Every structure is written in C-alpha cells, then in structure tokens.
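So you know, we letter chains A, B, ... as the sequences are listed, proteins then strands, and number each from 1. In this text, all values refer to a predicted model and were calculated from it rather than measured experimentally.
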Amino acid sequence: MSSDTVTFTTAPACSIGALYIHTKPITPDVYGNTKARRARELRPRRNYLLNEDVEKQRRSLLQRNPEVESSVADVEASSDLLQNLREKMPEFMPRPDILSRDRILEKLERQDMYRRREVINIPEFFVGSIMAVTVADKSAPGKQRRFVGICIYREGQGLSANFILRNVIDGQGVEIRFELYNPTLLKIETLKLEKRLDDQLMYLRDAPQEYSTVPFDFEPVPLPKGAAVPLNPLKVKLNRRPWHERWERMNLKGVEDLGLPERFYKRAQELAKPWERFDLMKQYRSTIDDDEAQTVMKEVYAKTKNIQSLRRQQRTQKQKEK
Amino acid sequence: MAGSVWRSWYVQKVLARQSFSTTQCLQELRKLARVRVVDNSALGRAAVAIGKPARIIHVYNKREVGYLGDKVLLAIKGQKKHAYIVGLKQKQKPNIPRFDSNNVVLVEENGTPVGTRLTAPIPSVLRNKEGDFTKILSLATRFV
C-alpha cells in the first residue's frame with residue numbers, strides 16, 4: 001500500500017464502533033472531509049512536546065549541553081529572587097499560547113538574547129520609566145541618534161520584545177517603538193526608574209502634553225542600591241473627548257475622574273467581564289505554569305550572572321590597559 | 001427626489017441598527033484626508049486660521065495611500081498645492097517615529113519649499129530615502 005492512500009484497516013462490519021471496510025481511497029465524506037484534509041489532521045502538529053521528550057530525541061549539542069544543564073541544576077535561587085527576575089526580564093518567559101509554542105525555537109531565541117546581552121547592557125525598566133535609546137543611523141552627523149522619552153508600553157517575548165517611548169518635541173507628540181534586541185541599538189539607558197499605576201500609559205496620547213514631555217538633556221536620577229522600584233502615584237487629567245480609545249472601559253487607575261455623562265459608565269459596566277478573574281481555564285491558557293517558569297528563570301539567572309562576571313572582567317582589563 | 005428618499009431611508013436604517021463600525025481607523029492618508037502643514041508659510045497658517053485644514057486630493061504613487069516621503073496634491077484655501085508627507089499618525093515600523101498628527105510640508109511646482117522654517121521634527125529615515133525632498137531636509141533643524 002502506498003503511503004499517500006489513506007485506508008482504514010478492515011474491521012468487522014457488525015461492530016458497534018461502526019468502522020466501515022474501505023478497499024478504495026477515501027472520497028469526501030458527508031462532512032466534506034477530503035483525503036488531503038484527513039491526512040493533514042493525522043500529521044503531527046507543531047512541536048509542543050514536553051521538554052524531557054524533546055531532550056530524549058535530540059542528538060545535537062545545542063539541546064544536550066552538559067555545561068548549561070549542570071549549571072542550571074546547581075543553581076540555588078529562592079523563588080522570590082526568581083519571581084523578581086521574572087518581573088525584571090519578562091521577555092525571557094515563553095509565549096503562553098499552547099498551539100504556537102515551539103520549545104526549540106524558544107531555546108534558540110534565548111541563546112541569542114544572552115549573546116546580545118553580552119554586547120549591550122539592557123537595564124531594568126518598567127512602563128512609566130524615563131529612558132534614552134541611542135540608535136545607529138547612517139545618515140545622522142555622528143552616525144548615531146538619541147531619543148529620550150517616557151516608556152508607555154512594553155510587550156513581546158523572545159527576540160521580538162519591544163517597548164514604546166513617547167515625548168513631546170517642539171509641541172509635537174512623537175512616539176518610537178524600539179525592539180530590545182535589535183542590533184542597531186547602541187545604548188539603552190534608564191534615566192529614571194519608576195513604575196506607574198497602570199500596565200500601559202497609552203492614554204498619554206489623550207492627555208495634555210506636559211504629562212509626556214521630557215527634556216532631551218534629562219539627568220539620570222540614581223536609585224540607592226537594593227532599594228525597591230518606586231511607584232509614582234501620579235493621576236493624569238485627560239483631555240476632553242474624542243479619544244483614541246474608550247478609556248472609561250479600561251478600568252484605569254492612573255487617571256483622574258473622566259467627567260463623562262452617566263450613560264458612559266453604565267455601558268462600561270454592562271460590557272465589563274468581572275468573572276474573568278475567576279476563569280481558571282482562561283488563566284491556565286494565558287500563563288506559563290510555575291514549574292516551567294522556574295526552570296527558565298533559573299537558566300536566566302545562571303546566564304546573567306555569567307554575563308555580569310564577564311563584563312566585570314572586561315572592565316578591570318580596560319582599567320589595567322589604561 | 002428619489003435620491004433623497006433613499007438617503008433618508010438608509011440613514012434611518014443605519015441609525016436604527018447601528019451597523020456602522022466604531023473601531024479605530026487605519027489612519028491612512030488617502031484622498032480627502034486632512035493634514036497639518038508644518039512650515040511657516042502664510043498659506044498654511046491662513047488655512048488653520050479659517051478653520052479649513054488642507055485636504056489631500058491626490059497621492060502620487062500607485063497605491064493611492066500616502067506614506068512617509070510621498071508627494072501629494074493638496075486643496076488648501078481654494079488652491080492646489082504640492083506637498084511632501086513628513087510625519088504619520090499611523091502605526092510605524094520599529095525605530096521609525098509615529099507622530100500625533102499627519103504632517104506635510106508645502107512645496108512649489110519646481111520642488112522648492114514654500115516656507116523657510118519647519119515647525120515640527122522630521123523623521124530621520126527620510127534622509128535615507130530616495131526622493132526630491134533634499135531642500136526640505138536642508139530646512140529641518142531637528143531629526144528624530
């Protein structure tokens with residue numbers, strides 16, 4: 001039997017399972033399923049196997065790297081520290097979508113990210129922090145261009161992790177999206193490390209310009225070592241409607257009273273989904289489970305420690321040369 | 001007469017069912033899109049003063065949607081004027097700035113800018129692009 005003709009094996013026609021005897025190739029059935037479609041469904045899906053299964057099958061050095069494995073196994077890090085690391089570097093967490101997960105891809109991407117972090121210092125930052133990014137620009141006078149702004153958005157996992165900086169220049173609101181691991185970035189600085197009341201500050205587009213104005217010569221505000229990241233409890237007074245989005249439906253915390261007529265809030269309440277907090281299945285689908293997160297974060301912890309020591313060595317070497 | 005009857009029926013239908021979409025639009029610069037003139041030309045300021053912003057009446061490319069560095073024809077204060085797009089509200093690629101308004105700079109037929117000064121920052125990518133806007137870039141004082 002050739003491999004491309006899919007036939008079911010013979011079974012007694014009288015069985016309750018009703019497996020019909022087919023001697024010729026399957027034609028479209030009552031449901032319109034063609035041969036090709038059935039074959040497609042029988043084919044294994046993308047790689048969303050367990051880590052151990054993948055390791056068993058793979059023979060390359062990349063998968064079974066004894067050095068990395070031993071270093072990860074020996075890592076002694078408290079769960080608090082790992083959780084802290086997870087908040088600091090959310091882009092290392094795998095994408096939670098089950099169907100599009102590919103563990104080999106994730107691993108490769110993480111390796112590239114470590115390699116990039118050896119070259120460039122990617123500081124800790126959050127939405128609401130004031131940052132400066134220097135980009136290589138072949139047409140600029142010094143071959144580089146610097147942009148300062150407030151971080152209003154951060155998203156993405158792996159190499160595609162990115163963030164948006166916003167500023168007002170000559171009375172004109174300007175936003176630039178930067179990719180964290182883009183090789184054209186020369187320098188990333190956090191000038192003022194702080195958090196805001198919301199996960200994203202896209203509403204600054206609909207706020208007066210003074211809320212998103214940062215001078216380009218903004219001096220870095222140092223934070224004492226070991227201090228917690230300060231929370232800025234600033235409440236923004238939005239402009240009058242029309243807005244980019246219906247902010248009254250977003251359950252924002254960092255916004256003053258919106259001053260809308262009663263019907264807007266009524267409608268927002270109608271459309272709210274307060275039960276989603278209790279939807280365990282939804283939570284499960286949209287997050288990575290803790291065990292796996294811990295193994296990933298242990299690897300990140302070990303690797304970043306190595307990178308730090310490597311950078312320290314480089315610094316001392318440079319000082320010696322001087 | 002028949003037209004107005006049909007229109008009123010259609011408006012009623014739309015209002016009754018609310019079948020129109022209220023999602024955010026693509027912010028594409030097509031024909032009849034309103035733009036902001038960001039040079040110090042008298043024409044641009046006068047258009048703002050009378051409250052009738054310039055409108056695009058033609059885009060000089062095949063797609064008929066204006067992107068960064070494209071040439072457009074504007075209807076401004078009853079005149080036809082050429083202009084270059086120097087800033088977009090639309091979502092942009094990484095490292096390319098997105099502005100809060102759609103900005104254009106007026107030029108004459110021969111490509112010389114009408115104004116003598118630009119009032120908004122200019123995206124640096126325009127310097128790498130091929131186009132006839134070197135005279136505009138020489139006016140610019142601030143690149144982002």
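Only the side chain of A/L185 comes within less than 4.5 Å of a heavy atom in chain B; its backbone stays farther off. Using a 4.5 Å cut-off between heavy atoms, A/F163 does not touch chain B at all. Neither the backbone nor the side chain of A/N167 comes within less than 4.5 Å of any heavy atom of chain B. Interface remark: A/N162 contributes no atoms to any contact with chain B (heavy atom separation under 4.5 Å). With a 4.5 angstrom heavy-atom cutoff, A/V174 touches chain B via backbone and side-chain atoms both. No part of A/R146 comes within reach of chain B, as not one of its non-hydrogen atoms sits under 4.5 angstrom from that chain.
In this structure, B/R98 pairs ionically with A/E175, as a charged nitrogen and a carboxylate oxygen lie closer than 4.0 Å. Using a cut-off of 4.0 Å between Lys/Arg side-chain N and Asp/Glu carboxylate O, A/R154 and A/E91 are scored as salt-bridged.
For chain A, the option among B/N103, B/V125, B/T119 with the highest count of heavy-atom pairs below 4.5 Å is B/N103.
Remark: A/R110 fails to qualify as a cation-pi partner of A/F92 under the 6.0 Å distance and 45° angle criteria applied to the six-membered ring.
Looking only at atom types and distance, the side chain of A/Q172 has a donor-acceptor partner in the side chain of B/S101 under 3.5 Å away. Side chains of A/E270 and A/Y265: a donor-acceptor N/O pair is absent below 3.5 angstrom, by distance only.
Proximity of a side-chain donor or acceptor of A/D112 to a complementary backbone N or O of A/E109 within less than 3.5 Å is not detected.
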